[in-house]
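Some notes on the structure that comes next.
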Amino acid sequence: MAPMYYKSKFDLYRAIVEKHTNLKLSTPTRQFNYVFARSCYYYLCRKFGLMSFAKISATVNKNHATVMHSLKELPYIIKDRKSTRLNSS
């Protein structure tokens, strides 16, 4: 299998998240699966790519404040999803 090359870290992180979730990050919807997938993408870009909010937001046609809010809420989303998953089993 030939290695895949990406133009930038944005492309790499986007490909990882889109492949794992089977969703397109730029789809304009507020469905939870898309919101969570975009949040994961923002996290990867910010944490490992050391990218600015403005650059991250430009890749998915969102506002920089949307990225900031999403990253702020991500830990609570994860915590809530874990608790609901455990309670529903």
### Message
Between Leu71 and Tyr41, is there shared hydrophobic-cluster membership here, with clusters defined by ILVMFWY side-chain heavy atoms closer than 4.5 Å?
### Response
yes

### Query
Got a sec: does the NZ of Lys62 have more than 12 other heavy atoms crowding it under 6.0 Å?
yes

## Note on the structure
Nearest heavy-atom approach of Leu25 to Arg14 is CD1-CG, 3.8 Å

### Query
Say you draw a straight line from NZ of Lys72 to OG of Ser39; how long is it, rounded to the nearest 0.5 Å?
12.5 Å

### Query
Are any non-hydrogen side-chain atoms of Tyr42 and Leu74 less than 4.5 angstrom apart?
no

### Query
With sequence neighbours excluded, what pairs up with Phe32 under the ring-ring contact (aromatic ring centres under 6.0 Å, His included) test?
Phe36

### Message
Quick check on the hydrophobic clustering: are Ile16 and Val67 connected, directly or via other members, by side-chain heavy-atom contacts under 4.5 Å?
### Response
yes

### Single hit among Leu12, Val17, Ile56 for side chain to side chain contact (heavy atoms under 4.5 Å, CB included) with Leu44
Val17

### Task
Report the distance from atom OG1 of Thr27 to atom CG of Asn33, rounding to the nearest 0.5 Å.
11.5 Å

#### Entry: Nearest heavy atoms of Gly49 and Tyr13, plus distance in Å
N-OH, 3.7 Å

#### Entry: Check against side-chain contact (heavy atoms from CB on, under 4.5 Å), Phe53 and Arg46
CA-CA 8 Å; Phe53 294 123; Arg46 187 74 178 161; 3.6 Å; yes

### Reported NZ-to-OG distance for the pair Lys55 and Ser8, which is rounded to 0.5 angstrom
10.0 Å

### Query
Any side-chain heavy-atom pair from Arg38 and Val35 closer than 4.5 angstrom?
yes

### Task
Evaluate the criterion side-chain contact (heavy atoms from CB on, under 4.5 Å) for residue pair Lys9 and Phe48; output intermediate values, then yes/no.
CA-CA 9 Å; Lys9 289 182 182 181; Phe48 301 109; over 6 Å; no

